[in-house]
Structures are given as C-alpha cells and as structure tokens.
Amino acid sequence: TAPEMIKVEKKDKICLITLNRPKAMNSLCSQLITELSAELKQCDEDPEVRAIVITGSKKFFAAGADIKEMEERTYQENFAQNYLTNWFNVAATRKPTIAAVNGYALGGGCELAMMCDIILAGDKAQFGQPEIKLGTIPGAGGTQRLVKAIGKSRAMELVLTGDFMGAQEAQQRGLVSRVVAEDNLVEEAMNVAKKIAGYSLPMVMMAKECVNQSFETTLATGLLYERRMFHSTFAYFDRREGMSSFLNKKKPEFKDS
Ligand code: HXC
C-alpha cells in the first residue's frame, strides 16, 4: 500500500522523502515512522537508489513525536512493545542519508535529523529537545547524539530548559554541516546527494560505516576498523578504476564492484 504520511520521489538515483503530515506539524506518529522506516529499508534494497534526502515542509521538519498519540500510553505498553525501537531503523539505513531541515526540528524531529548522516539547515530552522516541558525526556537519541554533536554544556542546557537553537548557532556548534537559504535548501541537499551518488556505492557505504564507528568505539579500535576497511577496498574494481583514472587524467567509471 502507498504511504500516506510521506511523499516519495525517486529521480537521478536519489530518493527524496518528504514528511507530509501538515495537520500536526509533521509530528511523528507511529504510522509515519512505520512508513518512513519501510521506505528507507526499501531504498537500501533498491539498486536504483544511491542516496536519500529526508525533508519536511518550509515551516516544520517535524515537531516531535505525536503528543496526542503518546498521551495515553503506559509504561507497561512501552516496555512490552519496546516502544520507539522502530525509530532506530532510520539510523540503521546503510545508504547515505541527508536531512534537509527547514523550520522546526523538535524532540523526535531533532532526533530524526540527527539519525541522518548529514544535516543541512534552512536559515530559519530551529532545533530543540523540549520534552522536559512535557514532563518527559528525549527517547530517540536526544541525550546522546546531541551531546556528541555540540558538546555537553549546550546540549545539557537545551535538554534541561527545552529552549530552541537557531540554524546559525547549530552550524557554529557543528550540529549541521551548512546553512542554506530556506528556498534553496532542498535543491542544495539534492546537489549534495547527486555528488555522493556519482561515486562508488560500496565505497560510500564503507566510508559511512567507518565514520559511524567513531561514535561506537575507542580510537585504537576505530583506526583498526578503518584500516581493515581501507584494505578491503583494494578488492574492488572501483578502487583500481579510481586510481588509474586519476593517473590517466580521465573520468572514472565506477561499477559498484
Ligand atoms: C502532536 C502537535 C505537535 C506534536 C504541534 N502539534 N506539535 N501535535 N504532537 N509534537 C499540533 C498542535 O497541537 C496544533 O494542533 C498544531 O500542531 C499547530 O501547533 P501550534 O502549537 O498551534 O503552533 P505554533 O504556535 O506555531 O507552535 C509551533 C511549535 C509548538 C513551537 C512547534 O507546536 C510546539 O511546541 N509543539 C510541541 C513540540 C514538542 O514538544 N515536541 C516534542 C514532542 S515529545 P491543533 O489541533 O491545535 O491545530 C517527543 C518525544 C521524543 O518528541 C521521544 C522519542 C521519539
């Protein structure tokens, strides 16, 4: 069945996913997350997709998990159903993901953006973890990924006060890679995706995996992981193609093999 809460467009080997639940500021109800994680899984399996862009509308990327849906939940249900584990499917996507964030990225919306590999922000974007105002705390990575992105003190301040942080500050602190004029944001994210899509997909996926290892392990283990992955790239046609093309001053033709 076709998804109802996300819009999916595939062209030029890029999958553009637009969160589309305007009546509730793209708040992330379980149907939306189910649709999104199913689509991402499908992108991983689809050889026609080489990069993924996730965006929302101009006013809101996503205003968090759906508060209406959460209101009646019990602890027992949360535990029994392991509530929110399906969110982690987003972070488990193996192909490169770019979040193009315009407007509000709050709570689960900020957490969703942080599960992507690169965040580009529109100049009016606002990031925050306001769960504390609802009598709860972040539940999909806000207390972990935000600290790694911007450091403890400011992350702690945002998580404990619920205040928002604008796009410029988010860039200065390293949460987002760049700030782009609101109207050009999606186009720019597509350009980044297209550039990545032009390279050897297994190399892109290995590079992504190595960068992500840096969040999981010690430096020595991470360096070993990287070195072994680097060694393995020499098993690929694409590695030889890339190097000999450079030396012969021609454009490489990668085959993903
Ligand atoms: C359900 C939401 C919503 C949300 C907004 N709406 N955010 N519904 N869940 N997270 C709905 C409002 O109820 C309202 O519905 C409509 O969207 C417009 O919102 P307003 O508040 O009237 O708009 P505005 O005054 O412009 O303020 C925008 C806003 C504010 C700053 C984004 O809506 C806001 O603070 N939203 C909540 C943000 C938040 O707390 N997020 C964290 C959620 S907890 P009606 O029917 O009145 O039109 C979370 C936990 C994560 O994410 C755990 C892991 C996933």
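Both counts, for ligands and for their atoms, begin at 1 and track the order of listing. Heavy atoms only: backbone and side chains are in, while hydrogens, waters and symmetry mates are out.
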Taking the side chain from [X] and the backbone from [Y], do they hold a donor-acceptor pair closer than 3.5 Å?
{"X": "Arg145", "Y": "Met115", "answer": "no"}
{"X": "Thr55", "Y": "Ala100", "answer": "yes"}
{"X": "Ser27", "Y": "Ala63", "answer": "no"}
{"X": "Asn26", "Y": "Leu19", "answer": "yes"}
{"X": "Gln129", "Y": "Thr143", "answer": "no"}
{"X": "Glu35", "Y": "Met5", "answer": "yes"}
{"X": "Glu111", "Y": "Gly141", "answer": "yes"}
{"X": "Arg50", "Y": "Tyr199", "answer": "yes"}
{"X": "Asp123", "Y": "Glu182", "answer": "yes"}
{"X": "Asp66", "Y": "Leu28", "answer": "no"}

When you look for heavy atoms under 4.0 Å from ligand 1, do you find them on the side chain of [X], its backbone, both, or neither?
{"X": "Thr136", "result": "neither"}
{"X": "Ala65", "result": "both"}
{"X": "Leu28", "result": "neither"}
{"X": "Met70", "result": "side chain"}

Among protein heavy atoms, which lies nearest [atom], and at what distance?
{"atom": "atom 46 (O) of ligand 1", "value": "Lys68 NZ, 4.6 Å"}
{"atom": "atom 2 (C) of ligand 1", "value": "Ala24 O, 4.1 Å"}
{"atom": "atom 9 (N) of ligand 1", "value": "Ile67 N, 3.0 Å"}
{"atom": "atom 17 (O) of ligand 1", "value": "Met25 CG, 3.6 Å"}
{"atom": "atom 4 (C) of ligand 1", "value": "Ser27 CB, 3.5 Å"}
{"atom": "atom 51 (C) of ligand 1", "value": "Glu131 OE2, 3.4 Å"}
{"atom": "atom 15 (O) of ligand 1", "value": "Lys23 O, 4.6 Å"}
{"atom": "atom 35 (O) of ligand 1", "value": "Leu106 CD1, 4.5 Å"}

May I have the step-by-step check of side-chain hydrogen bond (donor to acceptor under 3.5 Å, both in side chains) for Gln172 and Gln168, ending in yes or no?
-> CA-CA 6 Å; Gln172 282 154 18; Gln168 299 298 340; 5.1 Å; no
Looking only at heavy atoms of Trp87, does any of them come nearer than 4.0 Å to an atom of ligand 1?
-> yes
Any non-hydrogen atom of Pro130 lying under 4.0 Å from ligand 1?
-> yes
So is there a nitrogen or oxygen of Ala63 less than 3.5 Å from a nitrogen or oxygen in ligand 1?
-> yes
Under 3.5 Å between some N or O of ligand 1 and some N or O of Gly139?
-> no
Suppose I only count heavy atoms of [X] and a 4.0 Å limit; which atoms of ligand 1 are within that range?
{"X": "Leu134", "value": "40 (O), 43 (C), 44 (S)"}
{"X": "Ala140", "value": "54 (C), 55 (C)"}
{"X": "Glu111", "value": "51 (C), 53 (C), 54 (C), 55 (C)"}
{"X": "Gly107", "value": "42 (C), 52 (O)"}
{"X": "Gly108", "value": "49 (C), 51 (C), 52 (O)"}
{"X": "Asp66", "value": "1 (C), 9 (N)"}

Do any non-hydrogen protein atoms sit less than 4.0 Å from [atom]?
{"atom": "atom 40 (O) of ligand 1", "value": "yes"}
{"atom": "atom 7 (N) of ligand 1", "value": "yes"}
{"atom": "atom 53 (C) of ligand 1", "value": "yes"}
{"atom": "atom 28 (C) of ligand 1", "value": "yes"}
{"atom": "atom 21 (O) of ligand 1", "value": "no"}

Ion pair Lys250/Glu241, N-O distance below 4.0 Å | yes
Within-4.5 Å side-chain heavy-atom neighbours: Leu40 and Lys95 | no
Check whether any side-chain heavy atom of Lys13 sits under 4.5 Å from a side-chain heavy atom of Glu48, and report yes or no.
-> yes
With the 4.5 Å side-chain cut-off for hydrophobic clustering, are Ile98 and Val179 part of the same group?
-> no
Can you list the steps and then say if Met206 with Tyr236 is a side chain to side chain contact (heavy atoms under 4.5 Å, CB included)?
-> CA-CA 12 Å; Met206 282 189 204; Tyr236 283 78; 3.5 Å; yes
